[in-house]
Amino acid sequence: MNTMKTIHKILGLLPTLVAALMLIACSSEDNTTETPQTGTPQTDEVKTINYSVTVSQSGDAQTRATVDADMKTLRFASGDKLFITSDSRADLRGYLTLNDGDEGKASGATFTGTLEYTGADPSDDLGVKATLVGTANLGFTISSDGKAIEGDIVYPSTSFCSTVNDAVEKYSNLTGTSTYGARSFSLTQGTAFLNFSLTMKDGTATATDITATVKNGETTLSTATVTTATVSSDVMANFVLPVAATTTLDGATVTVGSHPAISFGGTSAKSLTGKVYNVARWAPAPTLGDLFYSDGCYSSTGIDGKTAIGVIAYLGTDAFTENGVTLRDNSTTLQSHGLVLCLKDIVNVKWRKSQSDGGPPTVDDFSPDAYVNDTGDLKRTTNVSGYANTKLLAEKQDAESNYPAAYQAWNFSVLTAPATTTGWFMPTIQQWVKILTGLGGMSESDIVWMLPWHDPSLTTLHNLEAAMEKAGAKGTAYDGMSDSDRIYWSSSESTAGGSADITVEPIEQDNDGQQGLLITYDSKRDYENCYVRPVLAF
């Protein structure tokens with residue numbers, strides 16, 4: 001009995017003993033956790049997942065990189081990769097490789113690979129970013145561990161690319177954002193391309209090394225050596241500078257050799273986007289009084305071996321400089337820079353053959369829009385094309401005898417005009433005004449109608465002659481203009497005096513005893529002892 005009672009007591013205590021042992025075990029575990037551990041802590045498990053996306057940009061290209069108007073297209077090539085990251089998940093990254101068979105595409109290309117990450121699986125709405133890296137550099141390189149892109153794109157500061165295609169391949173910054181679940185990207189261009197085409201107009205020879213510097217305000221973007229080359233008979237310096245598409249041009253200039261800086265980018269700040277910006281300029285920029293040569297070059301002093309044909313007398317890109325007219329080859333549109341005043345006169349020429357001598361029967365030779373009758377007409381900005389007027393008259397029936405001034409101006413060959421210009425023509429009165437106020441230095445506010453334009457000592461015409469002196473001796477290299485007995489025809493007409501023609505005439509003394517230039521009509525349009533001073537627009 002006693003033995004049985006003892007056993008029952010022990011069995012009755014078992015639950016309590018078990019509970020006590022469990023408590024001891026738990027306490028022991030807690031104590032172990034609180035004890036500092038030694039050695040390397042374990043990291044989260046790195047997971048991988050297969051991932052495939054389709055990628056597009058604008059339009060298929062026929063070569064690795066092409067330019068269509070101001071846009072660029074880059075075809076994907078074998079070895080191109082997408083680097084995938086997430087701004088909100090630093091643990092997510094990986095490279096996807098272009099699928100076989102998708103080389104040459106610019107849209108609908110597929111990239112496949114694996115992404116690495118730690119922690120929770122990516123959600124479909126997770127924002128992800130793709131950057132194109134690959135065989136043509138594309139502005140980025142893959143680091144040696146294959147885990148990251150080495151820094152940001154670095155644009156050249158001591159070199160230029162030779163072509164736009166070369167620049168697109170080397171410095172494109174193509175990125176796109178999407179979501180993890182969308183599995184597609186549209187890549188956008190983060191680089192703008194400044195494509196410089198500088199035509200050397202100072203006699204620089206082809207295959208000459210010159211230094212070109214591109215500045216944005218006071219900041220130098222790049223300085224490098226450029227070798228000139230002959231392009232369609234012009235000596236040119238061509239190069240491409242890639243810049244970030246976030247660049248804003250403000251006071252941007254390009255300097256070639258020792259020439260003055262040439263502005264580009266417009267008169268106000270211009271924000272760039274991922275496009276090609278063509279910068280076509282003449283170097284050096286033309287200035288008033290420069291000699292102009294038969295090959296289209298110009299310079300402030302004479303160039304040995306070149307034939308001077310005139311002086312630059314007005315600068316602009318407006319109607320006065322015939323901007324936008326179709327040249328005589330009937331295929332080229334003039335992008336004008338200014339007017340050139342010829343070094344030589346056409347002498348002893350009528351404007352129009354008189355009817356009494358068998359001239360044309362009509363009195364009016366132009367539409368009323370071309371007539372000039374007062375000071376306001378002298379200053380107008382429309383219907384001012386001497387090129388159009390001269391062409392109209394010179395191509396009329398029997399123009400050689402009926403309209404000799406226009407015909408001889410249109411066909412003037414004593415000094416050869418470059419084919420890239422309008423060729424010689426007879427200026428309108430408004431173009432005369434621009435020449436006299438441009439290189440001549442007169443004030444347009446002094447213009448009056450039918451009265452002497454006061455000009456003490458004929459300073460205006462002497463200023464024109466002073467520029468011509470750089471070509472050589474007066475009477476040989478150039479004809480003087482300040483002689484008091486010269487009347488210069490214009491291609492403008494007036495209804496005053498029976499549709500007479502407007503002239504510019506230097507006078508030693510008018511009825512009031514003043515010297516000056518007389519802008520008036522001459523009713524004797526068949527007067528033989530008048531002059532034409534041809535001009536051209538370039």
Side-chain angles (χ1 to χ4, degrees), residues 49-85 93-115 128-144 146-150 152-156 159-195 197 238-245 272-278:
I49 187 171
N50 293 328
Y51 196 60
S52 179
V53 297
T54 58
V55 179
S56 65
Q57 53 169 331
S58 59
D60 286 339
Q62 300 304 310
T63 58
R64 173 68 172 155
T66 62
V67 178
D68 181 14
D70 63 349
M71 300 300 294
K72 310 140 307 301
T73 303
L74 183 79
R75 293 195 314 164
F76 300 116
S78 178
D80 282 351
K81 295 182 179 182
L82 286 182
F83 180 60
I84 306 295
T85 55
R93 63 198 306 125
Y95 287 95
L96 311 181
T97 302
L98 181 68
N99 284 6
D100 290 341
D102 281 357
E103 297 88 349
K105 290 184 177 180
S107 297
T110 302
F111 288 76
T112 302
T114 58
L115 302 182
V128 288
K129 177 183 177 181
T131 302
L132 185 67
V133 296
T135 57
N137 189 20
L138 304 175
F140 294 96
T141 56
I142 302 172
S143 64
S144 57
K147 296 294 185 181
I149 296 174
E150 292 182 343
D152 295 328
I153 185 169
V154 178
Y155 297 107
S159 64
F160 298 114
C161 295
S162 58
T163 66
V164 174
N165 284 4
D166 182 42
V168 170
E169 290 194 16
K170 289 184 178 179
Y171 294 100
S172 283
N173 180 9
L174 293 169
T175 60
T177 57
S178 184
T179 58
Y180 176 82
R183 294 178 177 267
S184 65
F185 287 92
S186 178
L187 302 183
T188 58
Q189 179 63 266
T191 300
F193 302 89
L194 301 176
N195 181 28
S197 299
N238 295 328
F239 57 92
V240 184
L241 178 63
V243 296
L272 302 182
T273 58
K275 297 182 180 181
V276 174
Y277 294 87
N278 294 311

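In this text, all values refer to a predicted model and were calculated from it rather than measured experimentally.
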Quick one: do Leu82 and Tyr51 satisfy side-chain contact (heavy atoms from CB on, under 4.5 Å)? Show the steps, please. CA-CA 11 Å; Leu82 286 182; Tyr51 196 60; over 6 Å; no
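- The closest donor-acceptor contact from the side chain of Lys72 to the backbone of Glu169 lies at 3.5 Å or more, if one exists at all.
- Rounding to the nearest 0.5 angstrom, the gap separating the CG atom in Leu194 from the CZ atom in Phe160 is 10.0 Å.
- Between Asp70 and Lys275, the shortest heavy-atom distance links the atoms O-CB, 3.1 Å.
- Proximity of a side-chain donor or acceptor of Tyr171 to a complementary backbone N or O of Pro156 within less than 3.5 Å is not detected.
- Taking both residues in full, the closest heavy atoms of Thr110 and Asp102 are given as N-OD2, 2.7 Å, listed atom of the first, atom of the second, then distance.
- Note on residues 182-195: pairs passing side chain to side chain donor-acceptor pair (under 3.5 Å), not counting sequence neighbours, are Tyr155-Thr191, Ser172-Gln189, Asn195-Asn278.
- Using a 4.5 Å heavy-atom cutoff, the side chains of Leu187 and Val55 are in contact.
- Every residue two or more places apart in sequence or in another chain that forms a ring pair (Phe, Tyr, Trp, His ring centres under 6.0 Å) with Phe111 is listed here: Phe76.
- Note that OG1 of Thr114 is 11.5 Å distant from CD1 of Ile84, once rounded to the nearest 0.5 Å.
- Scanning both residues, Ala192 and Tyr277, for their nearest heavy atoms gives CB-CE1, 4.1 Å.
- With rounding to the nearest 0.5 Å, the separation of OG1 in Thr163 from CZ in Phe239 is 14.0 Å.
- Considering every non-hydrogen atom in both Val168 and Ala65, the closest pair reads CG1-CB, 3.8 Å.
- Closest approach of Pro242 to Ala167, counting heavy atoms only: CG-CB, 4.1 Å.
- If you take CZ on Phe193 and CG on Leu272, they are separated by 11.5 Å, rounding to the nearest 0.5 Å.
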Taking it one step at a time, do Leu96 and Thr112 satisfy side-chain contact (heavy atoms from CB on, under 4.5 Å)? CA-CA 5 Å; Leu96 311 181; Thr112 302; 5.8 Å; no
For the pair Leu132 and Asp80, evaluate side-chain contact (heavy atoms from CB on, under 4.5 Å) and give the outcome as yes or no after the intermediate values. CA-CA 7 Å; Leu132 185 67; Asp80 282 351; 4.2 Å; yes
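- Between the CG atom of Asn238 and the OG atom of Ser162 there is a distance of 10.0 Å, given to the nearest 0.5 Å.
- Minimum heavy-atom separation, Gly94 to Leu115: CA-CD2, 3.9 Å.
- With sequence neighbours excluded, no residue forms a salt bridge (charged side-chain N to carboxylate O under 4.0 Å, His left out) with Lys129.
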